[in-house]
Trainee: 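Below you'll find the structure I mean.
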Protein chains: 2
Amino acid sequence: MTDTKTAILDSAERLFAARGVDGVSVRAILAEAGVNVALAHYYFGSRDGLIRGVLRRRIEPLNAERLRLLDEVEAAAGPDGPPVEPVLRAFFAPAIDLLGEHPDFARLIGQLHVASAPALRQLFLELFDVVLRRFSDAIKRSLPAGLSGPQIVSRAHFMLGTLILTLTNYSDLALMARGRFEVPRGEMLVRELVTFCSAGLVAPPEGRAPASP
Amino acid sequence: MTDTKTAILDSAERLFAARGVDGVSVRAILAEAGVNVALAHYYFGSRDGLIRGVLRRRIEPLNAERLRLLDEVEAAAGPDGPPVEPVLRAFFAPAIDLLGEHPDFARLIGQLHVASAPALRQLFLELFDVVLRRFSDAIKRSLPAGLSGPQIVSRAHFMLGTLILTLTNYSDLALMARGRFEVPRGEMLVRELVTFCSAGLVAPPEGRAPASP
DNA sequence: GTCTATAAAAGGATAGAC
DNA sequence: GTCTATCCTTTTATAGAC
């Protein structure tokens, strides 16, 4: 049964998200999956192999979809390249889809971005290197002239931060809403991200003019 | 010697930042500090107590400074309350100061924001509850009319995300710069954060108008 | 306050039967 | 593929001498 393998991955995903990658033992994962202790090593070789398996299962399709959308956006653009909004949308939308379908895993992706453990940092680079490079190039091209290098990298980094905290702490939105309204999700959440970040990215370097003298 | 206590806190701060709170044993911390294994329990009672000690030492002054600045900004404002920029500045500046003086600890704060372990989540609420509530109220008041509740909480959350990722992954900026320029820090970094986030917060709900028909 | 020594538990990993 | 049993290491925590 390859079903056992899936059961292990599912339990690992849930528990890693709930307690952090370093906060869960392999034994606990297998217990939750109702699977014998020896089978994690049988299927994944080691604890690290299990972690890689959990991450790869969903990150590879995520990256593929992001790159597919970016290719589309760039193909449809003129010689100056696409404007910033559709580029951001190609970056955000697949991640927000994942947040809707596999919220536990979305938390994991965010945690991987801020992880300290050297092995996880390395894995992060392996998994996201191409995507981050292609999108950061596309975003740079789409920004107005007059921004300095430091401003561009800062803003690109801030943009990433909005997504990462949304992936890790999406449930905080419901707390902040305190039942007074529905929290945005799916397409609406993508739209909020694009609006916020494109405004931030293209803002004039000096910021808003003061209210009035 | 209360110096021993400080040595333990310093080593814990450094190692927690380098490997994650769950990735370091108390023994490793004490070894790095050159301190006997038994002394962590003598001073802090337990592993959890040590974590609390590390966090409290710097978060309490950080919060106090943030609230002091917010009080100032609100006292100087008219009856409609202060505009969004100085409120953001009061929130960001003390954190960026901390990033300059104790970069390891800044990483820790960020990790605490996205932490999964229930004990850490609880501690996070204890430590930041008042500050987050006061600032989110001030920011809400400063936003233009016409934003819906979901839009307001989303944007406030995005704003927090820009800061958190800056605290946890500040060193990524240097990687992105690849030696071509100096990465912003201190006052300049605060200015970038304020510019990006105030533009995002006050953006019209529909986003930028498309380029031209 | 600082040390040694040790208890008690948990975790990763594997051997070998079925 | 799945199971039991076991090994080895690491870790938290504490007792008690100095």
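Protein chains get the first letters and strands the later ones, always in sequence-line order, with residue 1 at the start of each.
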Trainee: For A:Asp48 and A:Ala119, work out which heavy atoms get closest and say how close.
Mentor: OD2-CB, 4.2 Å
Trainee: Tell me, with the steps shown, if B:Tyr42 and B:Asn36 meet side-chain contact (heavy atoms from CB on, under 4.5 Å).
Mentor: CA-CA 10 Å; B:Tyr42 177 74; B:Asn36 186 275; over 6 Å; no
Trainee: What residues in residues 8-19 of chain A put a non-hydrogen atom under 4.0 Å from any atom of DNA chain C?
Mentor: none
Trainee: Does the pair B:Val190 and B:Asp97 meet the rule for a side-chain contact (heavy atoms from CB on, under 4.5 Å), with working shown?
Mentor: CA-CA 9 Å; B:Val190 173; B:Asp97 285 350; 5.9 Å; no
Trainee: Please test B:Arg57 against B:Thr6 for side-chain contact (heavy atoms from CB on, under 4.5 Å), starting from the C-alpha separation and ending with a verdict.
Mentor: CA-CA 10 Å; B:Arg57 173 168 68 151; B:Thr6 303; 4.0 Å; yes
Trainee: Report the C-alpha separation of A:Leu99 and A:Arg107 in whole Å, then their side-chain angles, then the decisive distance to 0.1 Å, and conclude whether the side-chain contact (heavy atoms from CB on, under 4.5 Å) test is met.
Mentor: CA-CA 8 Å; A:Leu99 176 64; A:Arg107 266 190 76 74; over 6 Å; no
Trainee: Take atom CG of A:Leu30 and atom P of D:dT2, then tell me their distance rounded to the nearest Å.
Mentor: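 Going from A:Leu30 (CG) to D:dT2 (P), I get 12 Å.
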Trainee: A:Asp71: what forms a side-chain hydrogen bond (donor to acceptor under 3.5 Å, both in side chains) with it, not counting sequence neighbours?
Mentor: A:Arg134
Trainee: Salt bridge between A:Arg52 and A:Glu126, side-chain N to carboxylate O under 4.0 Å?
Mentor: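 The answer is yes: the pair qualifies as a salt bridge.
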Trainee: Using the side-chain contact (heavy atoms from CB on, under 4.5 Å) rule, pick out the option among A:Asp104, A:Ile51, A:Leu55 that qualifies with A:Phe16.
Mentor: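 Answer after filtering A:Asp104, A:Ile51, A:Leu55: A:Ile51.
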Trainee: Determine, for nucleotides 12-18 of chain C in 5'-to-3' order, which nucleotides have protein heavy atoms under 4.0 Å from the base (write B), from only the sugar-phosphate (write S), or from neither (write -).
Mentor: BBB----
Trainee: In whole Å, what is the span from the CD1 atom of B:Ile29 to the P atom of D:dT11?
Mentor: 11 Å
Trainee: I need the CG-C1' distance between B:Leu39 and D:dA15, as an integer number of Å.
Mentor: 15 Å
Trainee: Can you see if the side chain of B:Asn36 gets near the phosphate of C:dG1 - specifically, an N or O under 4.0 Å from OP1 or OP2?
Mentor: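 B:Asn36 to C:dG1 OP1/OP2: no side-chain N or O under 4.0 Å.
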Trainee: Ring pair (Phe, Tyr, Trp, His ring centres under 6.0 Å): which pairs involve residues 95-115 of chain A, sequence neighbours left out?
Mentor: A:His113-A:Phe124, A:His113-A:Phe128
Trainee: Note down the inter-axis angle between the two ends of the helix from C:dG1-D:dC18 to C:dC18-D:dG1, five pairs each, to the nearest 10°.
Mentor: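 Both end axes considered, the difference amounts to 0°.
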Trainee: Name all pairs fulfilling the salt bridge (charged side-chain N to carboxylate O under 4.0 Å, His left out) condition that reach into residues 169-182 of chain B, sequence neighbours left out, sorted by first residue then second.
Mentor: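 Salt bridge (charged side-chain N to carboxylate O under 4.0 Å, His left out) check on residues 169-182 of chain B returns A:Arg121-B:Asp172.
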Trainee: Could you check how far OH of A:Tyr43 sits from C1' of D:dT2, rounded to whole Å?
Mentor: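 Value for this atom pair: 8 Å.
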Trainee: Give a yes/no on whether any side-chain N or O of B:Thr4 is located under 4.0 angstrom from OP1 or OP2 of C:dG1.
Mentor: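 The answer is no; no side-chain N or O of B:Thr4 sits under 4.0 Å from OP1 or OP2.
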Trainee: Test side chain to side chain donor-acceptor pair (under 3.5 Å) on B:Glu32 and B:Ser11 and set out the steps.
Mentor: CA-CA 6 Å; B:Glu32 218 235 10; B:Ser11 288; 3.0 Å; yes
